[in-house]
Amino acid sequence: PELGFVLAYAPAGDVQAGPLAAYVELALWPADGRVKAPGARSKPGVPSEPYILNMCVAPENQRQGLARKLLQLCARIVRDIWGDTRISLHVMDSALPAKTLYQSAGYVRVPYVY
């Protein structure tokens, strides 16, 4: 990615001792529909867009609002720091809880163009 960062949330206490509770990667990726394989290059002149690459919450920390808070934080960063109004992401059709979260947070399905 051109620009990006990782947000990770660990329960209070010694971060070195335990696993992360939640994690999200937010980056600026070219929006040209190419698979983001190592060494892949985008078409010249294609602008980049905010994109959530990965988001996960440990099973023992699910259903506590952590994913929703991470989405809200990503939206604030995109809006207030990057000056954009849109975030893209992909979600598997079989990931019903994730799809429900994204829809309830205002995300809409956009047809994928190859």
**Fill in**
Residue pairs passing the side chain to side chain donor-acceptor pair (under 3.5 Å) test with at least one member in residues 69-84, sequence neighbours excluded, are none
**Request:** Among Ile, Leu, Val, Met, Phe, Trp and Tyr joined by side-chain contacts under 4.5 Å, find the other residues sharing a cluster with Y9 and list them by chain and number.
**Result:** V57, L66
**Message:** Holding to ring-ring contact (aromatic ring centres under 6.0 Å, His included), I want the full list of residues that pass it with Y102, two or more places apart in sequence or in another chain.
**Reply:** Y107
**Prompt:** Which value, rounded to the nearest 0.5 Å, describes the distance between I52 atom CD1 and H90 atom NE2?
**Reply:** 12.5 Å
**Complete:** On a heavy-atom basis, the closest approach of M92 and K99 is O-CD, 3.6 Å
**Fill in**
Applying side-chain contact (heavy atoms from CB on, under 4.5 Å) to C56 and not counting sequence neighbours gives Y23
**Prompt:** Hey, which of V91, L89, L70 is the one that makes side-chain contact (heavy atoms from CB on, under 4.5 Å) with M55?
**Reply:** L70
**Complete:** Taking every heavy atom of L53 against every heavy atom of L26, the minimum-distance pair comes out as CD1-C, 4.4 Å
**Message:** With side-chain contact (heavy atoms from CB on, under 4.5 Å) as the criterion, how do L73 and V24 come out once you've worked through the C-alpha distance, each side chain's angles and the decisive distance to 0.1 Å?
**Reply:** CA-CA 10 Å; L73 183 55; V24 65; over 6 Å; no
**Request:** Could you pull out all residues at least two apart from S104 that satisfy side chain to side chain donor-acceptor pair (under 3.5 Å)?
**Result:** R68
